[in-house]
Amino acid sequence: MQSESGFLAYVLAQLKRSVELGGFPEDFYAMISRPKRILHVYIPVKMDSGRIEVFEGYRVQHNDALGPFKGGIRFHPEVTLADDVALAILMTLKNSLAGLPYGGAKGAVRVDPKRLSQRELEELSRGYARAIAPLIGDLVDIPAPDVGTNSQIMAWMVDEYSKIAGRNAPAVFTSKPPELWGNPVREYATGFGVAVVAREMAKRLWDGIEGKTAAIHGAGNTGAWAAYWLEKMGVKIVAVSSTKGTVYNKAGIPAAEILRYYKREIPFEKIPGEFIKDPEASLNVEADLLVPAAIENVIRSDNAGQVKARLVVEGANGPTTPEAERVLYQRGVVVVPDILANAGGVIMSYLEWVENLQWLSWDEEETRKRLEAIMVNNVARVYQRWQKEKWTMRDAAIVTALERIYKAMKLRGWI
Ligand SMILES: NC(=O)C1=CN([C@@H]2O[C@H](COP(=O)(O)OP(=O)(O)OC[C@H]3O[C@@H](n4cnc5c(N)ncnc54)[C@H](O)[C@@H]3O)[C@@H](O)[C@H]2O)C=CC1
Ligand SMILES: O=C(O)CCC(=O)C(=O)O
């Protein structure tokens with residue numbers, strides 16, 4: 001297909017392992033390891049300088065056996081097509097595991113959004129929406145934000161798509177602002193879901209989550225809101241990282257300060273605590289719980305031995321390499337996989353989509369309750385399977401997800 005990034009190679013290796021563990025035929029691996037369609041786009045943007053810069057982007061539609069393609073859009077300077085394929089595969093698995101009526105997709109544009117002015121960012125977002133418009137739609141492929149994108153970008157994209165469609169088309173993008181067909185829960189849904197998963201696991205593994213400590217790697221949408229909800233559950237946040245470094249504070253970092261950093265109200269170094277220049281320092285501090293919530297491949301074979309937490313809840317997609325997972329497994333560290341731990345975002349996207357398709361809206365509390373109920377049920381199902389099979393939790397989650405996809409493909413006559 002294309003050269004495999006380390007990340008794609010890891011995702012494929014895990015997929016192969018799960019296909020074997022689940023006893024699926026080899027033909028299934030041949031199909032599920034490849035996307036159904038890849039759209040490759042180039043987006044010209046007139047920069048403030050007057051020059052035209054052309055940005056490269058993709059939309060990878062991996063599998064739609066269970067329903068329309070669904071997954072976020074990443075704006076990142078180092079993203080590759082291979083990474084995008086890996087992320088799209090994870091979306092198919094995540095959506096299946098959560099019981100959603102969706103297949104999986106992911107989009108990406110190679111750009112550092114922090115380098116663009118607001119006008120340039122809007123041009124790029126609208127240009128990307130125009131480029132992928134022929135292959136998306138509210139019953140076809142429904143994008144949402146991921147790293148480097150947000151609800152404002154979704155607002156520009158839904159507006160651009162609506163102009164092309166000649167009608168308001170709210171259900172084509174999710175995670176829109178609450179004032180434009182969005183739901184207020186989506187802003188914090190992924191972090192909230194991570195905290196709920198941590199709480200449900202702590203109930204089963206320990207005496208509950210209250211009084212425990214946590215380290216958070218990544219202070220963006222997922223990490224900052226996970227800190228907020230964990231604190232509400234009685235957890236003390238002792239470390240947090242960004243690309244700048246790590247803040248460590250044994251006495252506890254108020255989640256409100258992490259959120260102020262995320263909202264760009266204070267610089268990272270102003271979060272109260274000791275500033276350490278190393279962004280990976282949060283991975284090996286003394287804490288009961290570790291939440292990697294930044295990017296892929298951060299827990300590797302070279303640092304997995306130093307992880308002190310007993311429970312890792314993957315807020316990010318693909319933060320633990322397979323070698324690192326083996327090290328953690330042998331050391332008795334439980335890793336709750338991304339497709340279970342960070343599903344709060346896409347589950348909330350699904351709820352928003354259901355609202356949009358019917359032109360109705362639920363209030364914040366009711367929506368959060370619906371999201372929480374789905375997350376709690378997902379943890380219970382995967383936990384039970386994991387206990388029965390004695391695999392890693394990732395194996396249990398992926399095999400469970402694959403079973404649903406396999407059945408749908410079989411019923412459709414695809415396999
Ligand atoms: N936003 C969402 O709804 C969802 C996000 N995710 C995943 O969560 C992860 C984070 O996404 P978001 O929070 O949306 O992104 P974001 O862009 O809001 O935040 C990312 C954070 O990670 C930090 N970071 C980046 N590289 C780092 C490094 N090398 N070391 C330390 N910190 C680093 C950044 O400084 C930033 O604070 C990604 O893997 C994403 O795919 C998964 C499900 C849904
Ligand atoms: O909300 C969505 O549709 C996608 C979220 C996403 O990209 C992810 O879960 O990684």
Side-chain angles (χ1 to χ4, degrees), residues 7 60 68-79 83-84 86-95 97-98 100 102-108 112-114 141-151 153-154 172-176 182-183 185-194 215-227 239-247 258-259 261-264 268 271 276-283 291-299 313-320 338-353:
F7 182 32
V60 175
F69 298 105
K70 179 94 188 85
I73 301 165
R74 180 171 289 200
F75 281 5
H76 192 275
E78 277 137 39
V79 75
D83 293 339
D84 204 21
L87 290 162
I89 294 172
L90 291 180
M91 281 314 306
T92 300
L93 299 173
K94 192 183 304 183
N95 294 338
L97 184 66
L100 303 178
Y102 290 142
K106 201 86 173 199
D112 181 357
K114 290 195 215 95
D141 181 354
I142 306 123
D146 188 64
V147 175
T149 50
N150 55 30
S151 59
I153 291 178
M154 294 307 111
V172 182
F173 292 85
T174 57
S175 196
K176 302 172 294 292
N183 185 300
V185 176
R186 183 60 180 90
E187 161 61 21
Y188 57 75
T190 308
F192 172 70
V194 166
I216 315 265
H217 179 260
N221 178 274
T222 305
W225 284 110
V240 64
S241 294
S242 77
T243 43
K244 299 260 158 53
T246 298
V247 171
I258 302 173
L259 276 170
Y261 162 70
Y262 162 60
K263 293 176 182 164
R264 294 170 187 230
F268 186 73
I271 296 175
I276 307 163
K277 245 189 147 139
D278 178 7
E280 292 195 351
S282 60
L283 300 176
V291 179
I295 46 161
E296 51 275 0
N297 298 349
V298 294
I299 308 178
V313 181
E314 292 187 337
N317 284 307
T320 313
D338 43 14
I339 64 164
L340 173 63
N342 70 31
V346 73
I347 295 168
M348 183 53 236
S349 275
Y350 161 70
L351 295 171
E352 182 182 325
W353 178 75

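One-based numbering, in listed order, for ligands and for the atoms of each. Fair warning: this is a prediction, and the values are worked out from it, not measured in the lab.
The option with the heavy atom closest to atom 6 (N) of ligand 1, from among Ile347, Ile339, Ile295, Thr222, is Thr222. Nearest-residue assignment for atom 5 (C) of ligand 2 (options Arg74, Arg186, Lys70, Met154; heavy-atom criterion): Arg186. Residue nearest to atom 35 (O) of ligand 1, selected from Val194, Val240, Thr243: Thr243 (by heavy-atom distance). Proximity annotation for atom 32 (N) of ligand 1: of Pro279, Ser242, Ala144, Ser242 comes nearest, heavy atoms only.
The side-chain heavy atoms of Val185 and Phe192, taken from C-beta on, include no pair separated by under 4.5 Å. Considering only heavy atoms from C-beta on, Pro319 comes within 4.5 Å of Val298 through its side chain. Using a 4.5 Å heavy-atom cutoff, the side chains of Tyr102 and Ile142 are in contact. At a threshold of 4.5 Å between non-hydrogen side-chain atoms, the residues Leu100 and Val346 count as touching.
The shortest N or O to N or O distance between Pro145 and ligand 1 is not below 3.5 Å. For ligand 1, none of its N or O atoms has an N or O atom of Lys106 under 3.5 Å away. Residue Lys94 has no nitrogen or oxygen atom sitting less than 3.5 Å from a nitrogen or oxygen atom of ligand 1, judged on distance alone. For ligand 1, the polar-atom distance check finds no N/O of Tyr262 at less than 3.5 Å from any of the ligand's N/O atoms. Among the atoms of Arg186, some N or O lies under 3.5 angstrom from an N or O of ligand 1. Polar contact with ligand 2: absent for Ile142 (N/O pair, distance under 3.5 Å). Geometrically, ligand 2 and Asn342 share no nitrogen or oxygen pair separated by less than 3.5 Å.
Closest to atom 1 (O) of ligand 2, if we only count protein heavy atoms, is Ser349 OG, 2.6 Å. Of all protein heavy atoms, the one closest to atom 43 (C) of ligand 1 is Asn342 O, 3.6 Å. Atom 1 (N) of ligand 1 has Asn221 OD1, 3.6 Å as its closest protein atom, hydrogens excluded (heavy atom only). The protein non-hydrogen atom at the shortest distance from atom 3 (O) of ligand 1 is Thr190 OG1, 2.7 Å. Looking only at protein heavy atoms, the nearest one to atom 9 (O) of ligand 2 is Lys94 NZ, 2.6 Å. Atom 39 (O) of ligand 1 has as its closest protein heavy atom Asn317 N, 3.0 Å. In terms of protein heavy-atom proximity, atom 2 (C) of ligand 2 is nearest to Ala144 CB, 3.3 Å. Protein heavy atom at the shortest distance from atom 4 (C) of ligand 2 is Gly72 N, 3.4 Å. Atom 40 (C) of ligand 1 has as its closest protein heavy atom Asp146 OD1, 3.3 Å. In this structure, atom 33 (C) of ligand 1 lies nearest to the protein heavy atom Ala294 CB, 3.5 Å. Looking only at protein heavy atoms, the nearest one to atom 36 (C) of ligand 1 is Gly220 N, 3.9 Å. Counting only heavy atoms of the protein, atom 11 (O) of ligand 1 lies nearest to Val147 CG2, 3.5 Å.
The backbone N or O of Ile73 sits less than 3.5 Å from a side-chain atom of Thr149, completing a donor-acceptor pair. Checking side-chain atoms of Glu352 against main-chain N and O of Lys176 turns up a donor-acceptor pair under 3.5 Å. Judged by distance alone, the side chain of Thr246 and the main-chain N or O of Ile276 form no donor-acceptor pair under 3.5 Å.
Here the CD1-NZ distance, from Ile89 to Lys94, works out to 13.0 Å after rounding to the nearest 0.5 Å. With rounding to the nearest 0.5 angstrom, the CD1 atom of Ile339 is 10.5 Å from the CE atom of Met91. For the atom pair CG (Leu90) and CG (Leu97), the distance works out to 12.0 Å, reported to the nearest 0.5 Å. A distance of 12.0 Å separates CG of Asn317 from CD1 of Ile295, quoted to the nearest 0.5 Å.
Closest approach of Val194 to Ala341, counting heavy atoms only: CG2-O, 3.5 Å. Nearest heavy atoms, Phe7 versus Gly318: CE1-CA, 3.8 Å.
Set against the non-hydrogen atoms of Arg74, the atoms of ligand 1 under 4.0 Å away are 38 (C), 39 (O), 40 (C), 41 (O). Using a 4.0 Å cut-off to heavy atoms of Asn317, the atoms of ligand 2 that qualify are 10 (O). Those atoms of ligand 1 that come under 4.0 Å of a heavy atom in Ala316, given as number and element, are 7 (C), 8 (O), 9 (C), 39 (O).
When non-hydrogen atoms are compared, ligand 1 lies under 4.0 Å from neither the backbone nor the side chain of Glu296. Under 4.0 angstrom from ligand 1, the non-hydrogen atoms of His217 all belong to its side chain.
Judged purely by distance below 3.5 Å, without hydrogens or angles, the side chains of Glu187 and Ser151 never pair a donor atom with an acceptor atom.
Note: Trp225 and Tyr188 have tilted aromatic rings, judged against thresholds of 30 and 60 degrees for the angle between ring planes.
Within the 4.0 Å heavy-atom shell around ligand 2 one finds Lys106. Assignment of Gly148 to the shell around ligand 1 is supported, since a heavy atom sits closer than 4.0 Å. A heavy-atom separation below 4.0 Å is found between Gly345 and ligand 2.
Of the options Asp146, Asp84, Asp83, a salt bridge (Lys or Arg N to Asp or Glu O under 4.0 Å) to Lys106 is made by Asp146 and by none of the others.
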Worksheet entry | Criterion side chain to side chain contact (heavy atoms under 4.5 Å, CB included) on Tyr261 and Val240, from CA distance to verdict | CA-CA 11 Å; Tyr261 162 70; Val240 64; over 6 Å; no
Worksheet entry | Stepwise side chain to side chain contact (heavy atoms under 4.5 Å, CB included) check, Glu280 with Ser241 | CA-CA 7 Å; Glu280 292 195 351; Ser241 294; over 6 Å; no
